[in-house]
Trainee: 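Below is one structure. I have some questions about it.
Each chain gets a letter, A, B and so on, in the order the sequences are listed, and its residues count up from 1. Quantities reported herein were computed from a predicted structural model and do not represent experimental measurements.
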Amino acid sequence: MRWTRYPINTMKETPAEAEIASHRLMLRAGLIRRLAAGIYTWTTFGLLTLRKVEAIIREEMNRAGAFEVLMPAVQPAELWQESGRWDEYGPELLRFTDRGDRAFVIGPTHEEVITDLVRRELQSYRQLPVNFYQIQTKFRDEIRPRFGVMRGREFIMKDAYSFHIDEASLAQGYELMREAYTRMFTRMGLTFRSVRADSGAIGGSTSEEFQVLADSGEDAIVFSDGDGYAANLEMAEALAPAAPRGAAGAAMQSVATPNVRTITAITEFLKVPATQCAKTLLVEGAAGGVVALVLRGDHELNAVKAQKVPGVATPLRMASAEAVLAASGAEPGFVGPVGLRCPVIADRSAATLADFVCGANVPDTHLTGVNWGRDLPEPAVADLRNIVAGDPSPSGKGTLSIARGIEVGHIFQLGRKYSDAMGCTVLDEESRSTTLCMGCYGIGVTRVVAAAIEQNHDERGIIWPEPIAPFQVVLVPINIAKSQRVRETADRLYDEFTRAGLEVLLDDRDARPGAKFADAELLGIPHRIVVGERGLEAGKLEYRHRRATASEDFPLDDALRFIRARLATG
RNA sequence: CGGGGCAUGGCGCAGUCUGGUAGCGCAUCUGCUUUGGGAGCAGAGGGUCGCAGGUUCGAAUCCUGCUGCCCCGACCA
């Protein structure tokens, strides 16, 4: 492609709205343009990469035996009422009515539509298992869209749904998708991890996220250095401390702590480590009232874990200031588990504390030397806290570290939630009607592009992984207006490369070299060839990879062979 | 949803407090010069100052309402 004939528009300055690197660079390089909050146009140039990502996904889905379909964005409300999600889904589901006052939604996902299709089309177990996928536009009315296409409201998703006669077949289909996802993200040149996203509770329901590792990621993920254990922080189990609780050594005492409300303040005021303090959080109970959750001072509450504890309201809500005062007799900051008039649940680590410090439920007062079983009843114990780096792995091998990730894929064994609700059945070998077992498998296609940039950029611009680069090679002729030789050589190379099937961008603008180099680096095209008088005098061209810090010369006569060798290794 | 902020040419901003008919940089167009790391000079085009009311001789500026957008939001007990 010739730059002067291509609709591409770079920006030297960054629009004020862009917070993270990928968003900034996507705007500056002209991949996307904003239309409304969380809604973006993909430009001709941006679409080159988006299509490459889609092509890799398509190839691997097909290779895994899935079949492509294309379902509507607009879906009738009846299907959502049938599955029960009309009431469950909440304000993220965009609802509207047509001219005849019939209710519709814009699909945030397509379980209902595919289940409806399958229940009509499939009659026999002989037609199973089967996996349908699509690459299609979704809409979720996010509370707070941000970071460009990273968390947009409208976005492109690859969603797939598999149907099986039983759980064993589902497990096989799930495994196939797991392998396909691993191949896709590997082919795209991304550094990623698959991560456990569910503790694997009842029903053997299993779920894994595919996380692209990047410091700006919205998710925290946890790894063991001892084996392959990896999980979302929300799900990673914190084991009970190996050492048993120490013996009580001190008497419980009341200490005046005027206006000392936080753990940090307590550690400074009483000169005790945070690991010797207990913090008590009052949350709303499932049946009204409040429940006390007790954590060690240096630990953070994990909301996902907490709301799974029986008696705790879902979703987790902190108790109001009035409720705290009613239950404890003191304001937040001086609440403790001793003498509290509500159920007390201690985190595993908090439950092994001895001689600990906590709020006294009396204004401006804390207690020291507190011991479970002596000064207050033994608490109920649960895993309530977030993992911290250095914790032992729940797999039993190694210790855990924490990294940030961007969730680009999620695979899930659904079971019969939708097929049950919607009557999706086939006849089995014995002519009995059997409800199908389902899996679903998503990839945020537009998010993958942002994640790739987040993981591959420097201060000058994007550094595309080769398999998803919009162009493979950029040709930069120097002083094209004056030098006929440079112009003709660049034209000839462009034709030669293009005929050879390479994806080449020829920067044929009459611009100064600095401007061309800066744009080439912003766009992130992996291989750059400079054509200049200086080199041509010696029969040379100049090559530089986007990641390299220095250029190398190579013979003009050998150009195609040279660049092909670089593409193969690059 | 709660809190805060912003809305002026394609992008980034000043002007608003103290009302007098809109300006700077980048980008765009023309000409000349320049050409190995975002050139220089000269000229040009482009804005009903988010929308609707109001106050005033006069409103980007003051008042009211609306809309859009951005940022933050249990982690404290």
Trainee: Looking at B:C1, which nucleotide sits across from it as a Watson-Crick or G-U wobble partner, both distances under 3.5 angstrom, or is there none?
Mentor: B:G73
Trainee: For A:L233, does its backbone N or O pair with a side-chain atom of A:N302 as donor and acceptor, under 3.5 Å?
Mentor: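 Checking the backbone N and O of A:L233 against the side chain of A:N302, a donor-acceptor pair under 3.5 Å is found.
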Trainee: Say we look at B:U61 and B:A7: how far apart would their C1' atoms be, to the nearest angstrom?
Mentor: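 Pairwise C1' distance, B:U61 against B:A7, rounds to 14 Å.
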Trainee: Once you apply the 3.5 Å cut-off to both distances, tell me the Watson-Crick or G-U wobble partner of B:U21, or none.
Mentor: none
Trainee: Suppose you measure atom P in B:U16 against the same atom in B:C70; what distance do you get, rounded to whole Å?
Mentor: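 Looking at atom P only, B:U16 and B:C70 are 27 Å apart.
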Trainee: Distance check, P atoms only: B:U33 and B:C26, in whole angstrom units.
Mentor: 22 Å
Trainee: Does any pair with a residue in residues 261-290 of chain A pass salt bridge (Lys or Arg N to Asp or Glu O under 4.0 Å), and if so which ones, sequence neighbours excluded?
Mentor: A:R261-A:E331, A:E284-A:R317
Trainee: Take atom C1' in B:C24 and the same atom in B:U8, then report the distance between them in whole Å.
Mentor: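 Those two atoms are separated by 12 Å.
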Trainee: Pick one: which of A:K540, A:R528, A:R566, A:R544 meets salt bridge (charged side-chain N to carboxylate O under 4.0 Å, His left out) with A:E552?
Mentor: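 Per the salt bridge (charged side-chain N to carboxylate O under 4.0 Å, His left out) rule, the option paired with A:E552 is A:R566, out of A:K540, A:R528, A:R566, A:R544.
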Trainee: If the threshold is 4.0 Å, N to carboxylate O, is there a salt bridge linking A:R404 and A:D215?
Mentor: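 No, no charged N to carboxylate O under 4.0 Å.
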Trainee: What interatomic distance, in whole Å, is found between C1' of B:G47 and the corresponding atom of B:C66?
Mentor: 23 Å
Trainee: Just to verify, what does A:S254 make a side-chain hydrogen bond (donor to acceptor under 3.5 Å, both in side chains) with, not counting sequence neighbours?
Mentor: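 Here no residue qualifies.
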Trainee: Looking for any heavy atom pair under 4.0 Å, which part of the strands does A:T14 touch: base, sugar-phosphate only, or nothing?
Mentor: sugar-phosphate
Trainee: Any strand counts, and the cut-off is 3.5 Å on both contacts for Watson-Crick or G-U wobble. Which nucleotide pairs with B:A44?
Mentor: B:U28
Trainee: May I have the distance from A:I8 (atom CD1) to B:A27 (atom P), rounded to whole angstrom?
Mentor: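 Atom CD1 in A:I8 sits about 17 Å away from atom P in B:A27.
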Trainee: When the C1' atoms of B:U64 and B:U55 are considered, how many whole Å apart are they?
Mentor: 11 Å
Trainee: Looking at A:R296 and A:S349, would you say the former's side chain and the latter's main chain have a donor-acceptor pair under 3.5 Å?
Mentor: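 Side chain of A:R296 to backbone of A:S349: no pair is present.
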Trainee: What does the B/S/- profile of nucleotides 68-76 of chain B look like, 5' to 3', with a 4.0 Å heavy-atom cutoff to protein?
Mentor: -SSSB-BBB
Trainee: Mind jotting down which residue pairs meet the salt bridge (Lys or Arg N to Asp or Glu O under 4.0 Å) criterion with at least one end in residues 341-366 of chain A? Sequence neighbours excluded, please.
Mentor: A:E237-A:R348, A:D347-A:R385
Trainee: Determine which nucleotide pairs with B:U16, using a 3.5 Å limit on both distances of a Watson-Crick or G-U wobble pair.
Mentor: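 No nucleotide pairs with B:U16.
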Trainee: Going through the distances and angles, do A:W372 and A:F356 end up as a ring pair (Phe, Tyr, Trp, His ring centres under 6.0 Å)?
Mentor: CA-CA 9 Å; A:W372 301 106; A:F356 62 86; 5.4 Å; yes
Trainee: Just jot down the salt bridge (Lys or Arg N to Asp or Glu O under 4.0 Å) partners of A:R460, sequence neighbours excluded, or say none.
Mentor: A:E521
Trainee: Pick the C1' atom in B:G38 and in B:C1, then give their distance to the nearest Å.
Mentor: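 To the nearest whole Å, 45 Å.
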Trainee: Please report the distance separating the P of B:G3 from the corresponding atom of B:G50, rounded so that it comes out in whole Å.
Mentor: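 After rounding to an integer number of Å, I get 24 Å for this pair.
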Trainee: Counting only Watson-Crick or G-U wobble pairs whose two distances fall under 3.5 Å, which nucleotide matches B:U64?
Mentor: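 Base partner found: B:A52.
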Trainee: Can A:R2 and A:D491 be counted as an ion pair, charged N to O under 4.0 angstrom?
Mentor: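 Between A:D491 and A:R2 there is a salt bridge, with a charged N closer than 4.0 Å to a carboxylate O.
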Trainee: Taking for each residue the nucleotide of RNA chain B bearing the nearest heavy atom, is the 5' side occupied by A:L282 or by A:P15?
Mentor: A:P15
Trainee: Report, as a single string ordered 5' to 3', how protein heavy atoms within less than 4.0 Å touch nucleotides 30-41 of chain B: B base, S sugar-phosphate only, - not at all.
Mentor: ----BBBBBB--
